[in-house]
Asker: 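Input: one structure, supplied below.
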Amino acid sequence: MSKKDVETTGHSWDGIEELNNPLPRWWLMVFYACIIWAIAYSIAMPAWPGIKSATAGMLGWSTRAEVAKDIASFEEMNAGVNAELASADVTTIDVNSDLHNYGVNMGAAVFRANCSQCHGSGAAGNVGYPNLLDNDWLWGGTIDEVAYTIQHGVRNETDEARYSEMPRFGADELLEPAQIDQVVEYVLSLSGQDHDAAMATEGAVVFADNCAACHLEDGTGDIFQGAPNLTDAIWLYGGDRATIKETVTNARFGVMPAWGQRLSQAEVNAAALYVHQLGGGQ
């Protein structure tokens, strides 16, 4: 077929005419097949967006359902060891056993998903959130005490929660402003920081009358009352003069959820095993 026998579109540029050659048959067949496939797919699978969700599709398939199926499959596979972990006494699990190894790895996943937002991905804590890597533990750092704290939390609304409450010595006018300044200087002296010696002497009396019942006479604290040691360099909210004054004036009231209401017993025990083996604790 010569060029003259081919229909043109009527367009011409610089003497060059645009031919109107028909598309190859194979190309058209593929094109129509794609259209048919697209229509069938949009009917069978989730495809068309709506205001709140997409169309479900006639097959009812969803990525969420597939993930749930995979999770259920793994839970079924691990059901036996999870039951063993849930019923185990965490204080007697051999650190060299397969159960301990499984629990630590499971606990790492539980920690990342539920605890790292406050305690940090490396468990080093932050202002107001305890460092879980050292040996300074309120409420006790043995593995069973750690497990109890995870299970029931701190200062939440459950009856079994760890609970203590520091008085708001300034906000509730339990101490005069001058007394607060004095006791702050005394607390600074307990941890070996720069302080006003004369005010600290007066503050020792204020401390003995108002603070020693929880923090003990020497300021070393009582972990089982949730009263921290004031003589070391470890501070949950900060140990500078301004922060200590804020703490004495308005107190602190950190809350930890009762994870036993959100996690399975196996997950609670696993989290306890993971946290305890990080190097802190007792």
Side-chain angles (χ1 to χ4, degrees), residues 64 67-165 222-228 234 236 252-282:
R64 188 181 297 273
V67 170
K69 186 187 299 182
D70 288 342
I71 292 174
S73 174
F74 280 103
E75 287 181 346
E76 183 178 355
M77 291 169 56
N78 295 321
V81 67
N82 284 338
E84 183 181 359
L85 181 59
S87 61
D89 180 350
V90 291
T91 64
T92 62
I93 296 177
D94 184 354
V95 296
N96 297 314
S97 66
D98 291 340
L99 181 62
H100 185 273
N101 183 58
Y102 173 81
V104 168
N105 284 281
M106 178 182 179
V110 172
F111 184 91
R112 286 192 294 269
N114 300 280
C115 315
S116 61
Q117 294 85 346
C118 294
H119 293 285
S121 59
N126 209 327
V127 176
Y129 304 101
N131 181 349
L132 304 179
L133 304 176
D134 59 26
N135 292 318
D136 195 77
W137 287 78
L138 293 180
W139 313 110
T142 62
I143 191 167
D144 55 326
E145 290 164 342
V146 172
Y148 186 96
T149 301
I150 295 172
Q151 179 87 25
H152 301 293
V154 179
R155 301 187 192 93
N156 53 57
E157 297 179 353
T158 63
D159 294 335
E160 297 83 5
R162 307 283 198 186
Y163 197 91
S164 66
E165 185 170 358
D222 182 356
I223 61 173
F224 298 107
Q225 291 190 68
I234 299 175
L236 185 56
R252 306 291 183 176
F253 197 80
V255 176
M256 175 180 171
W259 287 107
Q261 296 184 345
R262 311 184 188 191
L263 303 176
S264 69
Q265 189 60 53
E267 290 173 319
V268 169
N269 289 350
L273 291 172
Y274 171 73
V275 170
H276 190 262
Q277 61 82 47
L278 288 174
Q282 299 163 355

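For the numbers below, each heavy atom of this structure counts, side chains included, while hydrogens, waters and symmetry mates do not.
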Asker: Would you mind reporting whether Thr149 and Leu138 have side-chain heavy atoms less than 4.5 Å apart?
Answerer: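 A side-chain contact is absent here, since even the closest heavy-atom pair is not under 4.5 Å.
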Asker: Side chains of His119 and Val275: closer than 4.5 Å at any heavy-atom pair?
Answerer: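 No - every pair of side-chain heavy atoms lies 4.5 Å or more apart.
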Asker: Is there side-chain contact between Arg155 and Arg252, with at least one heavy-atom pair below 4.5 Å?
Answerer: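 Arg155 does not reach Arg252 side chain to side chain.
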Asker: To the nearest 0.5 Å, what is the distance between CG on Asp134 and CG on Asp136?
Answerer: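 Rounded to the nearest 0.5 Å, the CG-CG separation comes out at 5.5 Å.
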Asker: Any side-chain heavy atom of His100 within less than 4.5 Å of one from Asp94?
Answerer: no
Asker: Under 6.0 Å from the CG atom of Asp70, do we count more than 12 heavy atoms belonging to anything else shown?
Answerer: yes
Asker: Can you tell me how far apart CG (Asn269) and CD (Glu84) are? Round to the nearest 0.5 Å.
Answerer: 11.5 Å
Asker: Drop me the distance from Gln151's CD to Asp144's CG, to the nearest 0.5 angstrom.
Answerer: 12.5 Å
Asker: Shortest non-hydrogen contact from Trp137 to Val146?
Answerer: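 Reported closest heavy-atom pair: CZ3-CG2, 3.8 Å.
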Asker: Return the minimal non-hydrogen interatomic distance between Val90 and Ala147, and the atom names on each side.
Answerer: CG2-CB, 4.3 Å
Asker: Could you check whether the rings of Phe253 and Tyr163 sit parallel, tilted or perpendicular, using 30° and 60° as the cut-offs?
Answerer: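 Judged by the thresholds at 30° and 60°, the geometry between Phe253 and Tyr163 is perpendicular.
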Asker: Quick one: CD1 on Ile93 to CG on Asn101, what's the gap to the nearest 0.5 Å?
Answerer: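 If we round to the nearest 0.5 Å, Ile93:CD1 and Asn101:CG are 12.0 Å apart.
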Asker: Minimum heavy-atom separation for Leu278 and Ala123, please, with both atom names.
Answerer: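 Distance-wise, the nearest heavy atoms are CD1-CB, 3.6 Å.
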Asker: Which heavy atom of Ser264 sits nearest a heavy atom of Glu267, and at what distance?
Answerer: N-OE1, 2.9 Å
Asker: Which atoms form the tightest heavy-atom contact between Ile150 and Met256, and what is the distance?
Answerer: CA-CE, 3.8 Å
Asker: Should we say atom CD of Glu157 is surrounded by more than 12 heavy atoms from elsewhere, each under 6.0 Å from it?
Answerer: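 Incorrect, the count does not exceed 12.
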Asker: Tell me, do Val110 and Tyr274 make a side-chain contact under 4.5 Å, heavy atoms counted?
Answerer: no
Asker: Main chain of Ala72, side chain of Glu76: is a donor-acceptor contact present, judged purely on distance under 3.5 Å?
Answerer: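 No.
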Asker: Is the shortest side-chain heavy-atom distance between Ile234 and Asn131 below 4.5 Å?
Answerer: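 The answer is no; the side chains never approach within 4.5 Å.
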Asker: Please check if any side-chain donor atom of Arg112 sits under 3.5 Å from a side-chain acceptor atom of Ser121, or the reverse.
Answerer: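 No donor-acceptor contact under 3.5 Å links the two side chains.
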Asker: Any chance you could measure Ile223, atom CD1, to Ser164, atom OG, to the nearest 0.5 Å?
Answerer: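 Answer for the CD1-OG pair, Ile223 versus Ser164, is 12.5 Å.
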Asker: Sequence neighbours excluded, which residues qualify as side chain to side chain donor-acceptor pair (under 3.5 Å) partners of Asp222?
Answerer: Gln225
Asker: Look only at the side chain of Asn82 and the backbone of Ala266, and say whether a donor-acceptor pair between them is shorter than 3.5 Å.
Answerer: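 Judged by distance alone, no pair lies under 3.5 Å.
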Asker: Test: ring pair (Phe, Tyr, Trp, His ring centres under 6.0 Å). Region: residues 138-162. Which pairs qualify, not counting sequence neighbours?
Answerer: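 Output for this query lists Tyr148-His152.
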Asker: Do you know the tightest heavy-atom contact between Leu85 and Gly103?
Answerer: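 Distance-wise, the nearest heavy atoms are CD2-CA, 4.1 Å.
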Asker: How long is the straight-line distance from CD of Gln261 back to CG of Asn156, given to the nearest 0.5 Å?
Answerer: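 Reported value, rounded in 0.5 Å steps: 7.0 Å.
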Asker: Would you mind reporting whether Gln277 and Val95 have side-chain heavy atoms less than 4.5 Å apart?
Answerer: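 Contact flag for Val95/Gln277 side chains = no.
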